[in-house]
Amino acid sequence: MKIVAVAIVVLLLILSNLYLLRSGFWFYKDAGYWPKNVFEVYLLVIQQFQAFTNTGYYLGFDQGLLSFTRILYVSWIAVLFGLFGYVGSQVTYSISGLLLVFFSFYLFSRIIFTDKKTRFVLTLLYTFNPLAYSLQGATFYNAAIPLFLYSYHQFFYTNKTRFWFLFVNIIAGFMWVAYIRFFALDMIVIAPFIIYFFFQYKKKLAYKKVLIYITSYALIFSPMIYSFGMQLVQRSATAFNYASVLGRFVAKDYSYNGFNIFQSSGASLYNGSVWSVVGLLFFIFFLLLYLTGQLKEKRGLQFLCMGIILFAIFAFSIGNIFDPQIYFFFLKLLPFVTNAPFWGLYILLFPFTILLGIITLNRQKILFWYVGLFIVCAVMPLLNLRDFQLQKYDLRTIPQPYYDYTIKPYSGLPEATYYSFGVCWRARYMEEAGVPTLCPNWGLQYSTAFLADPRLTSGKTYDIAKTENGYTDTDNFRVTHNLKNIIIPNDVVSPHGPGPITSVREIRQIEASKKVFDVNPSLGKLRNDNFTHYYYKDKDDYDFLLYIPQSVYYQNDTRLLYENSLKLADVPVILDKETMVGSRSAQRGTLSYKASPTNPTKYVIKISDIDTAEPLLLQLNQTFSPSWRVVFVDKSQFEKYACITMLSRFIFTHSLRCQYGENLLDLGDLSLLGKDSVSNDQHMTGNYVSNAWLISPDILKKHAVDTSLYAVIIYTKQIYYSVTILISFITLLILLVLSIIQEAKRLRRTSKA
Amino acid sequence: MKKISPKLLLNYFITWVLIPGMLILFWIGFSLFFTSKYSLTVIASPHEKNDFSSYKTTELLAKQKLVASFKANEDNLGIVAVRFWNFQNISDDSVIFRIKDKTQKNWFYQNTYKVNQFQPDQLFTFGFPIIDDSKGKEYLFEIESIQGKTGDAIALSKVYPPFVSQYQYPKEALLANKGQLFEFIYKKLYYSFSDRNFLISSLVFLLPLIFYVFWCYLARVVIGVSINPLPRLFIESREIISESSKSGYILFQIYFIILLLLVFLFDERNLYVSTLIIVLWVWLIKLCRFEGKVSYLLGIFFLTLCPIFIIFKLNDIAERSAMWAYFFLVVGTLMAFLESIKAIKPKVTYTAFLKQNYASLKSYVNKGE
């Protein structure tokens, strides 16, 4: 029997990953975010350690809600990538995810069901189904609920305090928070089950266990708690970006699809009315089993599961049932549950499987047939290797320009680049290869200048990014966004399947834009078959990332952005009208600074030749936040950061720049917190979206050494964030050691007995 | 002659005048105020998609126009309401609405509207100065997109009617002229009952009265008085009713027929209609003491209709069927919960419900023969 069971699992694992087992890179929709080389893995990992990141973009953003949440799965990707490369890691990641789901549910099912056959069959249903195949192989999300509940149950409702279960629970907790949508979705299942356990066992939770549990969570999850908490404290609009993005439209789908358990997202393999009918028939049969069952056993659990199922269906249909006002009310409460209909079904899977097990307790044959038929139907679309969505591509054959611009590792500071029609387009080579559209996920050397993802940013940063699309008067962006390049596709074709929207009209617009850029005297041009790369001829002579403005423009609206009016030689900055720093021209000093391409949270600066009798303006073209501070240091601190590249000189901005080495989680930054800094009332928005500081003569006199001033511009939140990460790692390590010791002792006792 | 006591008189008054009167008022009031989408002094006339010179339900891109003409049925034309679909997106586009007498060269009225106000599949009203003598004249209107682009545009909805012309009658004039008032009432009723959705929702609002009449008969004893509401003339049909109504199934059957009408023919959302249907089902459960599984049975029935309608591409009917299926499943679950904690003690199991309904239907057929 055991051999048959193992054979079934292995066979299903192979069948459901058949398309991935072929050679090539799978990049349908979000699958394209998979790293393509070690450098991208490295970027992915270090992103988890940054409170403020700009990986893939020129402007950075505060990760807030997303900080540190993906550390577990990113680490796993890194391990698999190191072992199997980019193709093998996709396959092993998917298979390991399914195995984890399988074991998690099988373990959990022990709490409810005693019969091993029933547990095995239900586990197959929970593991091999349309929802598990969604999200481009990121199947491990489905393990979060059973693993969390199982370990929670074992930790609290067994007599001894076993640290191993707490450790597993925390790992499951990391899986739970790894994807922001699931954080809300899983809560709707986990919370009621925890309450159910509480009443089921009618037993008081041990005070000691509760204390250990809460303390461990508080310490290990402290990076996330701190990062998001700070956003709330600072009343950052970015904290609620997801809710505002999702609140832009009413999600509607036919309500009957709420009952359809054959659905998928990402790779949409179960679309169309045939699958709706099949999914509904399975649900109707499930209801018939419920209707005709005796339902005497586990009544509480039945109501709990049915309640959650009905809630999931309600969440799916809410856009259809109610007026938009009511819809938006629910959306505010549960943004991820009510918005895209599909997500509601992730809530349904777990209670559905359990309830099916309960209502077929005395009808095992029916359960076997039901699950068998269900799995056959679910696996079927995955076996259609001709499906457009499942096609893979050999990245080694990608046209050279695409490799150079979007895949080739680049260790320098990125250059702000304007992708006139977005970074993502369907190129001819994709069409010829018959593969889905690949969107580059990393900016590498040519990072997109604008942060146009409404999930990551808000306010003017997003508004500007949204409206720049298709503009041709881009010269002023050189000052405000340090713009150096413009890239326009030459090989765009109409879309095939879901992907970027490039209609005939837009393709025509692309040609019109090129004509304008062609006659712009400031621009040089590099052309290849795939795209035209325009660059500002004097791009090596200016660096507006960090500079000392020489002239000030006052304007509140963003009209000035869409002109070619600003002169680089004026070294201008645009300030709000209300700011009125008093002088239209500031003093001229020479700025030398050190920056790191992998750490956008810290810049070490030296300003020479300053006149301490005049105020000094300093502009950092990085997304504004009150967390940015200019902290005064001494010369030794400046010199501590050794340059690992040649100094670049920029004549327009009178500045010098070099790169310093990696110093991730530098606890030495803690010493900066006690030092003098430019006060908050002298910190304002400059160039609409970035940071400007006005340093008064008093301050200059106090901190200048001769005619030089040394400072570190730091995202202060990062300092505390680094500390919380260390606390998290140390606590997790202690917990692991305790678990190992305790389990070893336990094993020894058991073997002696 | 037997003397009727004041108490009995009062009972007769309550039973036969007050309660029915209130239910009739409920019917008229809800039909007029909570069914009609239009103001009381407005007459609305639906138009066909053929009235568009180029009917299309794809995205309205920049500079593209929707053009339609129609003949005004009445005087006082003041609104043209057009049904849009917004692709579930909040578009940044704006549209220009223009209208004119077809025989005139110049536009009578034009204005710009942000399309983010358009609700999916709902009529958006374009108002303009009332045209007093519009009856019989042909009007042409066009809607032009200013900056619609692929993925950021609106379109005409596929839901009927694509547009409606509305005629606003001045309240003062109607009150001043009784003849005009009666004519207006006639027209209002005529146009309202020409609307299928109005008819069905009005029928739903009539249900409490229908239920009351049947219930009076079924209950026999209402507020302590023995009454016989049905004349001897209909004794045969009364027998049918009383036979099947021992368990109140006639009420369920009426209810079920109305529900089927809602599923098949009612293509609007009306919170009051839905609420009344829900309330009546809860009342029926209480009256007949159905167990929770009876609601489940109905839920499964309506859910089973869905695949059938999907196969025949009647997705909107499947949609409505699914919504009612959901409602019955929720009620069934709540009932089952209450039963499990012994808060209610149902009498009629779902199998008994099926059997008795079958017997009741069979008796109709036999009587019919």
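Chain identifiers are assigned alphabetically (A, B, ...) following the order of the sequence lines, protein sequences preceding nucleic acid strands; residue numbering begins at 1 within each chain.
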- prompt: Shortest non-hydrogen contact from A:F303 to B:T333?
  reply: CE2-O, 4.0 Å
message: Please find the pair of heavy atoms, one from B:L303 and one from A:L287, that lie closest to each other, and give the distance.
response: CD2-CD1, 3.6 Å
task: Taking atom NZ of B:K56 as the centre, report whether more than 12 heavy atoms of other residues, nucleotides or ligands fall under 6.0 Å from it.
output: yes
message: For A:Y256, which atoms come within 4.5 Å of any heavy atom of chain B: side chain, backbone, both, or neither?
response: both
statement: Value for CG (B:L334) from CG (A:L310), rounded to nearest 0.5 Å, stands at 8.5 Å
query: Distance from A:I313 atom CD1 to B:L329 atom CG, nearest 0.5 Å?
result: 7.0 Å
- prompt: Contact part of B:F309 toward chain A, heavy-atom cut-off under 4.5 Å: side chain, backbone, both or neither?
  reply: neither
- request: Over all heavy atoms of both residues, which pair between A:G293 and B:K293 is shortest? Give the atoms and the distance, please.
  value: O-NZ, 3.1 Å
query: So which part of A:F285 gets closer than 4.5 Å to some heavy atom of chain B, the side chain, the backbone, both or neither?
result: neither
- prompt: Any chance NZ of B:K158 has more than 12 other-residue heavy atoms, nucleotides or ligands included, within less than 6.0 Å?
  reply: no
- request: Answer yes or no: does atom CZ of A:R363 have more than 12 heavy-atom neighbours from other residues, nucleotides or ligands under 6.0 Å?
  value: yes
- request: Please report the closest heavy-atom contact between B:A322 and A:S255, naming both atoms and the distance.
  value: CB-C, 4.2 Å
field: A:I284 CD1 to B:C306 SG distance, which is reported to the nearest 0.5 Å
entry: 7.0 Å
task: Any chance you could measure A:Y254, atom OH, to B:D316, atom CG, to the nearest 0.5 Å?
output: 4.5 Å
- prompt: CG/B:L271 to CD1/A:I326 distance, rounded to the nearest 0.5 angstrom?
  reply: 6.5 Å
query: Under a 4.5 Å heavy-atom cut-off, does chain A meet the side chain of B:I308, its backbone, both or neither?
result: neither
statement: Highest number of heavy-atom pairs under 4.5 Å with chain A among B:T351, B:N315, B:V330, B:T304 belongs to B:N315
query: Checking B:Q119 against chain A: side chain, backbone, both or neither under 4.5 Å from a heavy atom?
result: side chain
Distance, nearest 0.5 Å, that separates OH of B:Y326 from OG of A:S317: 7.5 Å
query: Is the number of heavy atoms from other residues, nucleotides or ligands within 6.0 Å of CZ (A:F328) greater than 12?
result: yes
